Amino acid sequence: MATAIFICIGVLFNIFGCIGLIRLPDVYNRLQSATKCVTLGCCSILIGVAIHFGISDAFFKALFAIPIIFFSSTVAAHALIRGAYHFGAKLDKRTVKDDYKDAVK
Amino acid sequence: MRYVTVFILSLIFWLLLTFRLSVPNLIVGSVASLICSLIFTRYFITSVYKLVQPKRYFWFLVYLVVFTWECIKANFDVAYRVLHPAMPIKPGIVKVKTSLKSELARMLLANSITMTPGTISVDIIDDYLFVHWIYVRSDDPEVYTSIITGKFEKYIKNIIE
């Protein structure tokens, strides 16, 4: 039961992340939704898997995948967003502030 | 000493990840841990005695609870902005000063910022973190510094520095 709940929550958040990927205007906002929702979604699915298998090797593997996913996704998001800025991807027209422009010159 | 610590930690991590105590597995794990310790020790904490201070683990647990809560809040925040028909976003890149000195602490702070509601760290230059914010709530540097880094900085300072 708990397994099903955790996996459903995970799938739901992954769907939200994908909707955000389509709806949000520019690459920076899209990365926000992709990083946050998809990371928590995957972690939730992994917790569901860990509960399903109980104390066994799959349990430890699933739990240890969580910090790996967490660090890799945050570092990847940082690398992508910095790379996008240096490549020259435009900020959306609703952007109100850009302090980074002066710093990289 | 630092090399040995990194080696042991990565070997334990490898054994838990593969979960098998056969001889070939141990050999492969030792070689991999050796390579890891040779390459990555320079990014490790400067003094290994920090690892045996229980106070730091206590703060780490507090940090984990705070962080998990922020992480869940971040997801509902993004879900709300994404599903709202008018999409209430007001994005911007703000500059935030940090008082953390060590590289590892800054890395942890930047990762925490990436997982908190609406913010994602772009770059770090000298003492300043550049943060992309999906909804800029204030124009005052002091206010947004406390909103973005205030929650985590004190915990990370207690954990690592």
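In this text, all values refer to a predicted model and were calculated from it rather than measured experimentally. All chains are named by letter (A, B, ...) in the order of the sequence lines, taking the proteins before the strands, and each is independently numbered beginning at 1.
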Applying the 4.5 Å side-chain criterion to the ILVMFWY set and letting contacts propagate, would B/Phe67 and A/Ile47 be lumped into a single cluster?
no
For atom CZ of B/Phe60, decide whether the heavy atoms of other residues, nucleotides or ligands shown that lie under 6.0 angstrom number more than 12.
no
Closest heavy-atom pair and its distance - A/Cys37, B/Val78
SG-CG1, 3.7 Å
Go through B/Ile120, B/Ile134, B/Asp123 and name the one with the most non-hydrogen pairs under 4.5 angstrom from chain A.
B/Asp123
Calculate, to the nearest 0.5 Å, the distance between atoms NZ and OG1 belonging to A/Lys36 and B/Thr116 respectively.
6.5 Å
Highest number of heavy-atom pairs under 4.5 Å with chain B: which of A/Asp57, A/Ile22, A/Asn29, A/Ile19?
A/Asn29
Would you say A/Pro25 and B/Ile89 make side-chain contact, with heavy atoms under 4.5 Å?
yes
Check whether A/Met1 and A/Ile45 end up in the same hydrophobic cluster, where Ile, Leu, Val, Met, Phe, Trp and Tyr are linked by side-chain heavy atoms less than 4.5 Å apart.
yes
Among the options B/Ile125, B/Thr114, B/Asn111, pick out the one with the most heavy-atom pairs lying under 4.5 Å from chain A.
B/Asn111
Is it the case that atom NZ in B/Lys97 sees more than 12 heavy atoms from other parts of the structure closer than 6.0 Å?
yes
Are B/Trp14 and B/Leu21 in one and the same hydrophobic cluster, where Ile, Leu, Val, Met, Phe, Trp and Tyr link if side-chain heavy atoms are under 4.5 Å apart?
yes
Answer whether the closest heavy-atom distance between the side chains of B/Trp133 and A/Tyr28 falls below 4.5 Å.
no
Report yes or no: do B/Leu16 and A/Leu46 belong to one cluster of Ile/Leu/Val/Met/Phe/Trp/Tyr joined by side chain heavy-atom distances under 4.5 Å?
yes
Is A/Phe53 atom CZ crowded by more than 12 heavy atoms from other residues, nucleotides or ligands, each under 6.0 Å away?
no
Taking the ring of B/Phe76 and the ring of A/Phe13, is the distance between their centroids below 6.0 Å?
yes
Can you confirm whether more than 12 heavy atoms, excluding those of B/Glu70, are under 6.0 Å from its CD atom?
yes
Output the distance between atom OG1 (A/Thr74) and atom CD1 (B/Ile113), rounded to the nearest 0.5 Å.
11.5 Å
Are any side-chain N or O atoms of A/Arg82 and backbone N or O atoms of B/Ser121, one a donor and one an acceptor, separated by less than 3.5 Å?
no
Quick one: of B/Lys95, B/Arg81, B/His132, who has the most non-hydrogen atom pairs under 4.5 Å with chain A?
B/His132
For the residue pair A/Phe64 and B/Phe13, categorise the inter-ring angle as parallel (less than 30°), tilted (30 to 60°) or perpendicular (more than 60°).
perpendicular
Portion of A/Ser44 that has a non-hydrogen atom of chain B nearer than 4.5 angstrom
neither
With a 6.0 Å cut-off (strictly less than), is the heavy-atom count around CZ of B/Phe152, excluding the residue itself, greater than 12?
yes
Can you say whether B/Val122 sits under 4.5 Å from chain A via the side chain, the backbone, both, or neither, judging by heavy atoms?
both
What distance separates A/Phe16 CZ from B/Leu83 CG, expressed to the nearest 0.5 Å?
5.0 Å
How long is the span from the CZ atom in A/Phe60 to the OG1 atom in B/Thr18, to the nearest 0.5 Å?
12.5 Å
Among A/Thr35, A/Ile68, A/Ile81, A/Leu63, which residue has the highest count of heavy-atom pairs closer than 4.5 Å to chain B?
A/Ile81
Hey, quick one: are B/Tyr57 and B/Tyr63 part of the same hydrophobic cluster, counting side-chain heavy atoms closer than 4.5 Å, chains of contacts allowed?
yes
